[in-house]
Novice: 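Questions regarding the structure given below will be posed in turn.
Index from 1, following the sequence.
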Amino acid sequence: MISTAYGVDKYMTFGNRLKTLRKQSKMTQKDLGNQLDVGEMTISGYESGSREPNFERLKKISIIFNVTTDYLLFGEESASIKNVYWENRAREFETEVERLSDVVAQIIGILN
């Protein structure tokens, strides 16, 4: 159970989790709306439960607050999802290190 990892209980609704994460980030509804390209009334609707974000906005929300969509929807993250996420990030990092190594080698070749 991840009930305290983000200060959010897994039994809360999506709207309650969103509101808690937003407030912990010291964001207003307008701030979050600007990042999602929606109005603050839409954010208010998400938080009250009268509206739901589409898939793309849900992904953006997860990126903004650095949580998974599973966490936003269900209040917990499965270990397998976290593992896949970090494995993907590690591969991205390795690729970037290789690219930078090539760039450094080219610069050294030019300087020699």
Side-chain angles (χ1 to χ4, degrees):
M1 185 165 93
I2 201 165
S3 62
T4 59
Y6 303 107
V8 181
D9 188 322
K10 78 175 194 171
Y11 298 106
M12 295 172 73
T13 64
F14 164 78
N16 294 131
R17 278 189 289 280
L18 178 62
K19 184 175 184 176
T20 299
L21 291 167
R22 177 180 60 76
K23 287 187 172 207
Q24 286 175 343
S25 299
K26 297 182 178 19
M27 295 175 73
T28 65
Q29 289 179 338
K30 185 174 183 175
D31 295 334
L32 181 56
N34 287 340
Q35 290 192 42
L36 296 173
D37 296 319
V38 298
E40 61 187 291
M41 291 302 294
T42 299
I43 302 301
S44 176
Y46 294 166
E47 292 180 357
S48 71
S50 64
R51 298 187 74 158
E52 293 180 345
N54 64 26
F55 183 70
E56 288 303 314
R57 287 212 179 92
L58 186 66
K59 287 189 328 187
K60 283 184 181 180
I61 292 167
S62 74
I63 292 167
I64 290 167
F65 295 115
N66 195 31
V67 297
T68 65
T69 53
D70 267 11
Y71 179 74
L72 289 169
L73 295 172
F74 307 113
E76 58 186 40
E77 299 181 54
S78 71
S80 62
I81 289 173
K82 285 195 276 190
N83 290 341
V84 168
Y85 172 80
W86 289 112
E87 287 169 9
N88 288 339
R89 295 291 297 179
R91 275 194 291 276
E92 290 170 7
F93 180 74
E94 289 170 1
T95 301
E96 188 64 14
V97 167
E98 289 172 11
R99 188 187 71 75
L100 291 173
S101 295
D102 291 343
V103 169
V104 169
Q106 289 174 356
I107 291 171
I108 290 172
I110 291 170
L111 295 174
N112 288 330

Novice: What distance separates Leu32 CG from Lys19 NZ, expressed to the nearest 0.5 Å?
Specialist: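 That separation rounds to 13.0 Å.
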Novice: Find the distance between CD1 (Ile61) and CD1 (Ile64) and round it off to the nearest 0.5 Å.
Specialist: 7.0 Å
Novice: Evaluate the salt bridge (charged side-chain N to carboxylate O under 4.0 Å, His left out) criterion for residues Glu94 and Arg91: first the C-alpha distance (whole Å), next the side-chain angles of each, then the deciding distance (0.1 Å), finally the verdict.
Specialist: CA-CA 5 Å; Glu94 289 170 1; Arg91 275 194 291 276; over 6 Å; no
Novice: Using atom types as modelled, flag every donor-acceptor pair under 3.5 Å from a side chain in residues 99-112 to any protein atom, sequence neighbours excluded.
Specialist:
unit_1	atom_1	unit_2	atom_2	d
Arg99	NE	Glu96	OE1	3.4
Arg99	NE	Glu96	OE2	3.4
Arg99	NH2	Glu96	OE2	2.7
Ser101	OG	Val97	O	2.9
Asn112	ND2	Ile108	O	3.2

Novice: Taking salt bridge (charged side-chain N to carboxylate O under 4.0 Å, His left out) as the definition, give me every residue that meets it alongside Lys59, ordered by chain and number, with sequence neighbours left out.
Specialist: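 Residues passing salt bridge (charged side-chain N to carboxylate O under 4.0 Å, His left out) with Lys59: Glu56.
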Novice: Could you state the interatomic distance from CZ (Phe55) to NZ (Lys60), rounded to the nearest 0.5 Å?
Specialist: 13.0 Å
Novice: To which residues is Ile63 joined in a hydrophobic cluster, defined by side-chain heavy-atom contacts under 4.5 Å among Ile, Leu, Val, Met, Phe, Trp and Tyr, whether direct or through other members?
Specialist: none
Novice: Which residues pass the side-chain contact (heavy atoms from CB on, under 4.5 Å) test with Glu40, sequence neighbours left out?
Specialist: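 Only Gln29, Lys30 meet the side-chain contact (heavy atoms from CB on, under 4.5 Å) criterion with Glu40.
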Novice: Could you walk me through whether Phe65 and Gln24 pass the side chain to side chain contact (heavy atoms under 4.5 Å, CB included) check?
Specialist: CA-CA 10 Å; Phe65 295 115; Gln24 286 175 343; over 6 Å; no
Novice: Is there a donor-acceptor pair closer than 3.5 Å between any side-chain N or O of Arg17 and the backbone N or O of Met12?
Specialist: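 At least one qualifying donor-acceptor pair exists.
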Novice: As an exercise, state the distance from OG1 of Thr68 to CG of Leu58, rounded to the nearest 0.5 Å.
Specialist: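 Those atoms lie 9.5 Å apart.
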Novice: Before giving the answer on side chain to side chain contact (heavy atoms under 4.5 Å, CB included), spell out for Tyr71 and Leu21 the whole-Å C-alpha distance, their side-chain angles and the decisive distance to 0.1 Å.
Specialist: CA-CA 11 Å; Tyr71 179 74; Leu21 291 167; 4.2 Å; yes
Novice: Quick one: closest heavy-atom pair of Asp31 and Lys26, and the distance?
Specialist: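 Answer, listing the atom of Asp31 first, then Lys26: OD2-O, 4.3 Å.
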Novice: To the nearest 0.5 Å, tell me how far Met27 CE sits from Ile43 CD1.
Specialist: 8.0 Å
Novice: Under the rule for side-chain contact (heavy atoms from CB on, under 4.5 Å), what residues qualify as partners of Arg57, not counting sequence neighbours?
Specialist: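 Once residues adjacent in sequence are excluded, the partners of Arg57 under the side-chain contact (heavy atoms from CB on, under 4.5 Å) criterion are Leu36, Val38, Tyr46, Pro53, Asn54.
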Novice: Let's go through Arg51 and Met41 carefully: what are the C-alpha distance in whole Å and the side-chain angles of both, what is the deciding distance for side chain to side chain contact (heavy atoms under 4.5 Å, CB included) to 0.1 Å, and is it a yes or a no?
Specialist: CA-CA 10 Å; Arg51 298 187 74 158; Met41 291 302 294; over 6 Å; no
Novice: Going by the rule side chain to side chain donor-acceptor pair (under 3.5 Å), which residues pair with Ser48 if we only count those two or more places apart in sequence or in a different chain?
Specialist: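 For Ser48 the side chain to side chain donor-acceptor pair (under 3.5 Å) partners, ignoring immediate neighbours, are Ser50.
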